[in-house]
There are 2 protein chains.
Amino acid sequence: MISVLLFEDNKNFRESLSLYLASAEGIWLSGAFADATEAVKLVRKYKPDVVLMDIQMPHLSGIDALRAIKAASKDTKVMMQTVFEDDDKVFAAICAGANGYILKNPRPDTYVQAIFDVYNGGSHLSPSIATKVLTMFQHQFAKSEQTYIQLTPREKEVLQCMVKGMSYKMIADACDISFNTVHTHIKKIYEKLHVNSAPEAVVKALEWKLV
Amino acid sequence: MISVLLFEDNKNFRESLSLYLASAEGIWLSGAFADATEAVKLVRKYKPDVVLMDIQMPHLSGIDALRAIKAASKDTKVMMQTVFEDDDKVFAAICAGANGYILKNPRPDTYVQAIFDVYNGGSHLSPSIATKVLTMFQHQFAKSEQTYIQLTPREKEVLQCMVKGMSYKMIADACDISFNTVHTHIKKIYEKLHVNSAPEAVVKALEWKLV
DNA sequence: CACAAAATCCCCAATATTGGTGAGTCATGG
DNA sequence: CCATGACTCACCAATATTGGGGATTTTGTG
């Protein structure tokens with residue numbers, strides 16, 4: 001049995017979801033509350049496997065409650081639920097360690113599936129939320145347009161060493177080439193990157209994900 | 001009807017999944033292929049709504065095929081499937097614009113659900129993949145624990161300049177302090193960060209989000 | 001007020017880096 | 001077979017950085 005704690009300020013929604021979860025097989029609803037202020041205390045008391053937390057809550061926001069719960073008991077799975085697909089909220093929730101994020105859904109079986117997913121160590125994201133996350137992800141990590149900067153394998157290797165903070169001498173050693181050759185490579189790298197110092201090169205390398 | 005194209009090198013799996021998808025309501029399986037080399041050509045020909053692409057493929061890898069497809073027809077939804085939960089692969093696939101990522105699953109209805117999800121503009125991630133993505137996400141964006149390194153405002157300012165690739169002289173100018181003072185601040189920064197060169201300091205600054 | 005922390009400035013010497021020039025090998029493709 | 005690009009190595013001179021001293025002023029706090 002998966003023990004679940006529900007936080008949801010909307011009375012109607014809370015009661016109908018409670019009803020559904022209480023009768024769902026494999027799930028034990030330990031409690032349902034309209035306020036997250038006492039969330040940490042309640043988590044300590046009931047030791048739920050999964051917490052279902054609404055983002056919009058009076059007094060203490062769902063995100064803050066999430067942070068508090070994770071700080072107090074980081075193994076407790078917390079799944080966020082919301083009606084709004086707000087980029088900032090999604091971002092904040094994930095950074096705070098949410099184990100799932102679902103849009104309020106008329107189909108209650110979605111909740112059950114999600115609870116099972118997170119209980120089993122996975123994460124559950126509603127499709128539209130998943131899209132948001134993937135987009136943010138790509139936006140951050142996808143190679144920038146500046147991929148036309150072509151570094152040779154050796155140059156990339158040297159640049160990688162520079163990113164690690166190694167000096168010419170150390171790089172020479174690590175790559176098993178002479179100090180002078182390192183010098184040559186670095187000169188070429190600076191030329192290609194249009195920089196003229198190691199720090200600048202490192203910054204561009206990281207920014208452009210050249211290494 | 002959602003038009004689907006399947007790429008999967010395992011004959012058995014391809015055929016059984018084909019069979020299932022062909023009979024699934026709302027889905028029209030346009031074709032199933034064992035090799036992704038011709039993927040772009042096939043996509044152009046069949047104009048599928050959703051492509052199901054195995055990561056492990058002979059000749060052209062699923063990731064490369066994904067890139068090719070997205071380059072040729074960026075609105076075609078591509079869902080990756082794999083048996084391995086390889087961080088690098090997940091990362092690469094998402095950066096290349098995958099619309100979903102599912103682990104090969106004995107339950108074929110998972111595929112149908114996932115196809116519907118991505119067709120409707122959402123994304124579908126298997127729970128364990130979702131966990132990976134969220135973890136990578138947090139790792140990148142969540143403030144690092146190493147915030148206990150206390151830099152004074154001036155030191156942060158100087159470090160920021162260093163990240164911008166400025167030399168001592170330029171920093172002195174920018175902060176309107178003398179070259180010697182910049183030197184002093186940087187000595188202090190190196191001490192606090194346990195480094196002894198500008199590139200190292202820059203890397204740590206970026207890693208730890210100190211600036 | 002006295003104290004500590006932050007910020008400012010200066011000098012010197014040892015290293016490290018940068019920029020310029022030149023040149024040899026090796027593999028690849030036209 | 002020649003051209004080209006990648007990789008290798010060397011030398012020199014000019015700058016820049018680093019690490020070690022020491023010192024003063026400002027600011028906020030007990």
Side-chain angles (χ1 to χ4, degrees), chain A residues 143 145-211, chain B residues 37 59-60 64 143-144 146-211:
Chain A
K143 287 210 160 95
E145 335 73 54
Q146 290 94 340
T147 311
Y148 55 77
I149 291 184
Q150 285 296 351
L151 294 184
T152 68
R154 208 43 150 180
E155 285 163 0
K156 279 186 192 171
E157 198 182 341
V158 171
L159 187 52
Q160 267 169 3
C161 291
M162 294 178 71
V163 168
K164 287 180 194 152
M166 297 164 74
S167 68
Y168 285 32
K169 218 171 285 181
M170 293 163 76
I171 297 174
D173 222 49
C175 297
D176 201 36
I177 52 181
S178 86
F179 179 90
N180 291 301
T181 306
V182 173
H183 185 190
T184 306
H185 285 310
I186 291 183
K187 278 187 287 192
K188 210 93 200 348
I189 292 171
Y190 286 1
E191 195 184 311
K192 288 185 180 177
L193 261 50
H194 302 297
V195 300
N196 47 15
S197 78
E200 283 180 285
V202 165
V203 170
K204 284 217 175 182
L206 294 175
E207 269 180 3
W208 295 357
K209 310 200 173 305
L210 293 172
V211 289
Chain B
T37 315
H59 314 308
L60 188 67
D64 291 331
K143 287 214 161 80
S144 69
Q146 288 93 340
T147 312
Y148 56 78
I149 292 185
Q150 286 295 353
L151 294 183
T152 68
R154 208 41 151 180
E155 284 163 1
K156 278 186 193 170
E157 197 182 342
V158 171
L159 186 52
Q160 269 169 1
C161 290
M162 293 177 72
V163 169
K164 288 181 195 154
M166 295 164 76
S167 68
Y168 285 34
K169 216 170 287 182
M170 292 163 76
I171 297 174
D173 222 49
C175 298
D176 201 35
I177 52 181
S178 86
F179 178 90
N180 291 301
T181 307
V182 173
H183 185 188
T184 306
H185 285 311
I186 290 184
K187 278 188 286 192
K188 213 92 199 354
I189 291 171
Y190 286 0
E191 193 184 312
K192 288 186 180 176
L193 261 48
H194 303 298
V195 300
N196 49 13
S197 77
E200 283 182 286
V202 165
V203 171
K204 284 216 175 183
L206 293 175
E207 268 181 4
W208 294 358
K209 306 193 182 308
L210 292 172
V211 288

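Just so you know, these numbers use all the heavy atoms, side chains as well, and skip hydrogens, waters and symmetry mates. By convention in this document, chain letters (A, B, ...) are assigned in the order of the sequence lines, proteins followed by strands, and residues within each chain are numbered from 1.
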Protein-nucleic acid N or O pairs under 3.5 Å, nucleotides 12-15 of chain D:
none

Does the side chain of A/T181 get closer than 4.0 angstrom to OP1 or OP2 of D/dC9 through an N or O atom? yes
Nearest whole angstrom, please: distance from the C1' of C/dA7 to the CG of B/D176. 13 Å
Euclidean distance, B/M162 CE relative to B/Y168 OH, rounded to 0.5 Å: 6.0 Å
Would you indicate, yes or no, if D/dA6 has its OP1 or OP2 atom less than 4.0 angstrom from a side-chain nitrogen or oxygen of A/T152? no
Enter the distance from B/L159:CG to B/K164:NZ here, rounded to the nearest 0.5 Å. 11.0 Å
Spacing between B/L193 atom CG and D/dT18 atom C1', to the nearest angstrom: 16 Å
Between D/dC9 atom P and A/D173 atom CG, what is the distance in whole Å? 12 Å
If you measure from CD1 on B/I186 to CD1 on B/I171, what distance do you get to the nearest 0.5 Å? 4.5 Å
Interatomic distance, B/I177 CD1 vs C/dA6 P [rounded to whole Å]: 15 Å
Pick base, sugar-phosphate or nothing for A/S178, based on heavy-atom distances below 4.0 Å to the nucleic acid. sugar-phosphate
My understanding is that only residues two or more places apart in sequence, or in another chain, count here; which of them pass ring-ring contact (aromatic ring centres under 6.0 Å, His included) with B/Y190? none
Can you see if the side chain of B/H185 gets near the phosphate of C/dA7 - specifically, an N or O under 4.0 Å from OP1 or OP2? no
Pairs under 3.5 angstrom, nitrogen or oxygen only, protein versus nucleotides 22-29 of chain C, please.
none

Just how large is the angle between the end axes of the helix from C/dC1-D/dG30 to C/dG30-D/dC1, five pairs per end, to 10 degrees? 50°
Could you work out, with salt bridge (charged side-chain N to carboxylate O under 4.0 Å, His left out) as the rule, every residue matching A/E155, not counting sequence neighbours? A/K192
Which part of the nucleic acid, if any, lies within contact of A/Y168, taking any heavy atom under 4.0 Å across all strands shown: a base, the sugar-phosphate backbone alone, or nothing? base
Between B/E191 (CD) and D/dG19 (P), how many Å, whole number? 10 Å
Residues A/H185, A/I177; criterion side chain to side chain contact (heavy atoms under 4.5 Å, CB included); working and verdict: CA-CA 11 Å; A/H185 285 310; A/I177 52 181; 4.0 Å; yes
Could you please name the option among D/dT18, D/dT8, C/dT18 that lies closest to any side-chain atom of A/I186? C/dT18
Point-to-point distance, once rounded to the nearest 0.5 Å, from OG of B/S167 to CZ of B/F179: 8.0 Å
More than 12 heavy atoms of other residues, nucleotides or ligands under 6.0 Å from NZ of A/K187: yes or no? yes
From the candidates D/dC7, C/dT8, C/dT18, the one with an atom nearest any side-chain atom of A/R154 is D/dC7
A side-chain contact here means heavy atoms from C-beta on lying under 4.5 Å apart; do B/K156 and B/P153 qualify? no
Partners meeting side chain to side chain donor-acceptor pair (under 3.5 Å) with A/T181 (sequence neighbours left out): A/S178
How long is the line joining CE of A/M162 and C1' of C/dA16, in whole Å? 12 Å
Hey, what do you get for CE (A/M166) to SG (A/C175), rounding to the nearest 0.5 Å? 6.5 Å
To the nearest angstrom, the CD-C1' distance between B/E157 and C/dA7 comes to 11 Å
Is there a side-chain contact between B/K188 and B/V158 in this structure, where contact means two heavy atoms from C-beta onward sitting under 4.5 Å apart? no
Separation of A/E200 atom CD from C/dT17 atom P, in whole Å? 16 Å
Side-chain N or O of B/Y190 versus OP1/OP2 of D/dG19: is the shortest distance under 4.0 Å? no
